[in-house]
Amino acid sequence: MKIFHTADWHLGKLVQGVYMTEDQRHVLNQFLQAIDEEKPDAVVIAGDLYDRALPPVEAVDLLDETFAEIVLKRNVPVLCVAGNHDSPTRLEFGSKLMKESGLYIAGELDDQFEPIILHDEYGEVHFHLVPFAEPSTVRNVLQCDSVHTYDDAMKTIIEKIEEKMDKTKRHVFVGHAFVTPDGEKGENTSESERPLAIGGSECVNAHYFQPFHYTALGHLHKAHYVLDETIRYPGSLLKYSASEANHQKGFLIVDLDEKGQVAVEKRIFTPKRDLRIIEGSIHEILKHDYSEDYVFVRLTDLTPVVGAMEQIRTVYPNAMHVERKTIQRTDESEEMINIRREQLDDVTLFKAFHQEVMGTEPTEEALQLFKEVLEELLQAERETKGEVVMK
């Protein structure tokens with residue numbers, strides 16, 4: 001069975017105030033062309049179809065158009081799960097009707113864990129669709145009081161799946177999570193990845209996925225595998241931050257053979273406009289060739305540059321951000337370093353802010369209070385207006 005594995009489309013994404021919808025449409029057209037060329041048996045989208053719970057109309061239209069092209073015009077089944085940016089309820093609306101057409105959407109977690117079964121010349125392939133869910137949701141839905149972390153939640157879910165799993169069939173897991181080799185704390189691969197929890201409690205142990213022949217994941221924006229080559233992230237649809245400038249964006253073509261062995265090929269997208277980081281003095285940059293790429297500029301001038309963005313946009317009209325490198329003294333020498341606040345995590349930013357305003361490090365009590373408030377805000381951000389959160 002040939003499967004296209006993609007994730008983290010983030011339709012409706014704003015990058016530095018610029019909507020990326022047309023850029024997303026550009027690469028999704030390439031995705032449709034690849035479907036025409038490769039004729040996959042299924043398309044898997046592992047979460048974060050939208051960038052927020054209430055996406056703009058243009059983003060909803062683009063997803064609707066894309067699904068219609070894949071499912072209705074090309075008769076290719078699409079299997080997708082909600083990510084932490086999506087609204088589970090809204091994404092799942094009408095899903096029972098859409099199944100008849102070959103569009104399978106798991107928005108909200110349930111306790112049935114019935115796989116979607118597709119067929120190829122070798123027989124059945126069971127797809128297990130597991131949407132993103134808070135540990136509290138998993139604890140409530142599965143009536144399991146021992147679930148307190150994302151690791152606990154995933155372990156419990158997979159144990160429930162295994163209870164019903166037919167070991168004679170081939171199995172594909174589709175989920176949205178922060179998976180590391182042994183569940184240890186890992187670093188996000190992009191500044192645009194929203195944290196799932198404060199600290200290391202968001203990480204999930206990759207060993208849990210051993211019962212599956214292939215694990216299709218979403219959430220981390222850099223394409224890579226975890227533990228072994230059958231547990232993979234395809235990366236995001238486009239570059240959504242300066243930290244992704246060196247990523248190669250695309251999707252994965254997964255061939256699942258008769259025995260469940262997989263071969264994976266990465267296919268690269270050609271963006272409408274690249275997203276790049278350029279560095280140099282204002283004098284050097286103004287000599288560059290004209291380009292409509294999205295650029296993040298790091299100026300090396302030692303003195304302030306008046307009207308820097310206006311000047312840069314004569315060469316790079318889609319410049320997104322300009323910053324200056326600053327000099328930091330060390331015990332041994334003066335060296336140029338780049339200080340970028342958007343690269344810092346929320347706790348580090350809070351510490352720096354507290355130090356700057358109060359002149360002291362925050363106390364442990366203040367840090368704990370900040371983490372609790374931040375965790376509440378992150379959870380509230382993931383909930384859609386009017387939805388009831390079960391405690």
Original post:
Of the non-hydrogen atoms in Pro131 and Leu109, which two are nearest, and what is the gap between them?
Top reply: CG-N, 3.7 Å

Subject >> salt bridge (charged side-chain N to carboxylate O under 4.0 Å, His left out) between Lys185 and Glu202, worked out >> reply: CA-CA 8 Å; Lys185 182 178 179 180; Glu202 63 182 338; over 6 Å; no

Subject >> Gap between atom CD1 of Ile278 and atom CD1 of Ile312 - 0.5 Å precision >> reply: 6.5 Å

**OP:** Answer yes or no: is there an ion pair linking Glu22 with Arg25, defined by an N-O contact shorter than 4.0 Å?
**Re:** yes

Original post:
Side-chain contact, heavy-atom cut-off 4.5 Å: Glu65 with Asp61?
Top reply: yes

Original post:
Can you check whether Tyr19 reaches Pro56 side chain to side chain, under 4.5 Å on heavy atoms?
Top reply: yes

**OP:** Measure the CD1-OG1 distance between Ile285 and Thr300 for me, rounded to the nearest 0.5 Å.
**Re:** 7.0 Å

Original post:
Tell me, which pairs form a ring-ring contact (aromatic ring centres under 6.0 Å, His included) where one or both residues lie in residues 91-118, sequence neighbours left out?
Top reply: none

Subject >> Lys/Arg N to Asp/Glu carboxylate O, Arg273 vs Asp23, below 4.0 Å >> reply: yes

Original post:
Relative to each other, are the rings of His219 and Phe178 parallel, tilted or perpendicular (30° and 60° limits)?
Top reply: tilted

**OP:** Take Leu238 and Val27 through the side chain to side chain contact (heavy atoms under 4.5 Å, CB included) test and state the conclusion after the steps.
**Re:** CA-CA 8 Å; Leu238 288 170; Val27 295; 3.8 Å; yes

Original post:
Between Ser243 and Ser241, is any side-chain donor less than 3.5 angstrom from a side-chain acceptor?
Top reply: yes

Subject >> Presence of salt bridge, Glu162 and Lys167, under 4.0 angstrom >> reply: yes

**OP:** List the atom of Ala46, the atom of Ala216, and the distance in Å for their closest heavy-atom pair.
**Re:** CB-O, 3.7 Å

Subject >> Sub-4.5 Å side-chain heavy-atom contact between His128 and Phe212 >> reply: yes

Original post:
In Å and rounded to the nearest 0.5 Å, what is the CG to CG distance from Asn205 to Leu227?
Top reply: 8.0 Å

Subject >> Residues forming a side-chain hydrogen bond (donor to acceptor under 3.5 Å, both in side chains) with Tyr214, sequence neighbours excluded >> reply: His5

**OP:** Classify the side-chain pair Thr168/Asp166 by whether it contains a donor and acceptor separated by less than 3.5 Å.
**Re:** yes

**OP:** Would you please indicate if the ring centroids of His10 and His85 are separated by under 6.0 Å?
**Re:** yes

Original post:
What are the two closest non-hydrogen atoms of Leu256 and Gly260, and how far apart are they?
Top reply: CD1-O, 3.4 Å

Subject >> Residues in salt bridge (charged side-chain N to carboxylate O under 4.0 Å, His left out) contact with Glu92, at least two apart in sequence or another chain >> reply: none

**OP:** Answer yes if the side chains of His224 and Lys222 hold a donor-acceptor pair under 3.5 Å, and no otherwise.
**Re:** no

Subject >> Within-4.5 Å side-chain heavy-atom neighbours: Gln311 and Val305 >> reply: yes

Original post:
How many angstroms lie between atom CD of Glu292 and atom CG of Asp274, to the nearest 0.5 angstrom?
Top reply: 13.0 Å

Original post:
For atom NE2 of His119, is the number of surrounding heavy atoms from other residues, nucleotides or ligands below 6.0 Å larger than 12?
Top reply: yes

Original post:
Quick check: are there more than 12 heavy atoms from other residues, nucleotides or ligands sitting under 6.0 Å from NZ of Lys99?
Top reply: no

Original post:
Given side chains that start at C-beta, do those of Val226 and Pro181 come closer than 4.5 Å, heavy atoms only?
Top reply: yes

**OP:** Return yes if a side-chain donor-acceptor contact under 3.5 Å exists between Thr149 and Asp152, otherwise no.
**Re:** yes

Original post:
Do Val264 and Phe209 share a hydrophobic cluster, counting only Ile, Leu, Val, Met, Phe, Trp and Tyr and linking them when any side-chain heavy atoms are less than 4.5 Å apart?
Top reply: no

Original post:
Are Leu49 and Cys80 close enough that some pair of their side-chain heavy atoms sits under 4.5 Å apart?
Top reply: yes

Original post:
Which atom pair, heavy atoms only, marks the closest approach of Pro88 to Gly107?
Top reply: CB-O, 3.1 Å

Subject >> Any side-chain heavy-atom pair of Leu118 and Met1 under 4.5 Å >> reply: yes

Original post:
Is it true that Arg267 and Glu38 make a salt bridge, defined as a side-chain N closer than 4.0 Å to a carboxylate O?
Top reply: yes

Original post:
For Leu32 and Arg74, which heavy atoms make the closest approach, and how far apart are they?
Top reply: O-NE, 3.9 Å

**OP:** Output the distance between atom CD1 (Ile277) and atom CZ (Phe296), rounded to the nearest 0.5 Å.
**Re:** 8.0 Å

**OP:** Determine the interplanar angle of the His126 and His171 rings, folded into 0 to 90°, and report it as parallel if under 30°, tilted if 30 to 60°, perpendicular if over 60°.
**Re:** perpendicular

Subject >> Identified side-chain contact (heavy atoms from CB on, under 4.5 Å) partner of Met20 from the options Leu275, Val15, Leu11 >> reply: Val15

**OP:** Indicate yes or no: does Asp120 engage Arg170 in a salt bridge with an N to O separation below 4.0 Å.
**Re:** yes

Original post:
Tyr208 and Asp151: side-chain donor and acceptor closer than 3.5 Å?
Top reply: yes

**OP:** State yes or no: do Ile231 and Val262 share one hydrophobic cluster built from I, L, V, M, F, W and Y residues joined by side-chain heavy-atom distances below 4.5 Å, directly or via other members?
**Re:** no

Original post:
Do Val147 and Val204 share a hydrophobic cluster, counting only Ile, Leu, Val, Met, Phe, Trp and Tyr and linking them when any side-chain heavy atoms are less than 4.5 Å apart?
Top reply: yes

Original post:
Is Phe31 close to Phe269 at the side-chain level, that is, under 4.5 Å between some pair of heavy atoms?
Top reply: yes

Original post:
For Asp182, does the CG atom sit with more than 12 other heavy atoms under 6.0 Å from it, leaving out its own atoms?
Top reply: yes

**OP:** Give, for atom CD of Glu69 and atom CG of Asp64, the distance between the pair rounded to the nearest 0.5 Å.
**Re:** 10.5 Å

**OP:** Any chance you could lay out the side chain to side chain contact (heavy atoms under 4.5 Å, CB included) test for Asp41 and Ile3, step after step, and finish with the verdict?
**Re:** CA-CA 6 Å; Asp41 299 293; Ile3 303 165; 5.9 Å; no

**OP:** Treating Ile, Leu, Val, Met, Phe, Trp and Tyr as nodes and any side-chain heavy-atom pair under 4.5 angstrom as an edge, say whether Val179 and Ile158 lie in one connected cluster.
**Re:** yes

Original post:
Should Phe173 and Ile161 be marked as a side chain to side chain contact (heavy atoms under 4.5 Å, CB included) after you check the CA-CA gap, both sets of side-chain angles, and the distance that decides it?
Top reply: CA-CA 10 Å; Phe173 182 97; Ile161 291 173; 4.1 Å; yes

Original post:
Would you call Glu310 and Arg313 a salt bridge, using N to O less than 4.0 angstrom?
Top reply: no

Original post:
Side chains of Thr230 and Asp228: is there a donor and an acceptor less than 3.5 Å apart?
Top reply: yes

Subject >> Trace of the ring-ring contact (aromatic ring centres under 6.0 Å, His included) decision for Tyr316 with Tyr290 >> reply: CA-CA 6 Å; Tyr316 295 102; Tyr290 181 88; 8.2 Å; no

Original post:
If Ile, Leu, Val, Met, Phe, Trp and Tyr residues are connected whenever their side-chain heavy atoms lie under 4.5 Å apart, and connections chain through other members, are Val138 and Val81 in the same group?
Top reply: no

Original post:
How about Glu364: does its CD atom have over 12 heavy atoms from other parts shown lying under 6.0 Å from it?
Top reply: no

Original post:
Just wondering, more than 12 heavy atoms not from Lys266 lying within 6.0 Å of its NZ?
Top reply: yes

Original post:
Is there a ring-ring contact (aromatic ring centres under 6.0 Å, His included) between Tyr225 and Tyr233 once you walk through the steps?
Top reply: CA-CA 6 Å; Tyr225 68 85; Tyr233 289 93; over 10 Å; no

**OP:** Could you tell me whether the side chains of Glu244 and Ser236 share a donor-acceptor contact shorter than 3.5 Å?
**Re:** yes

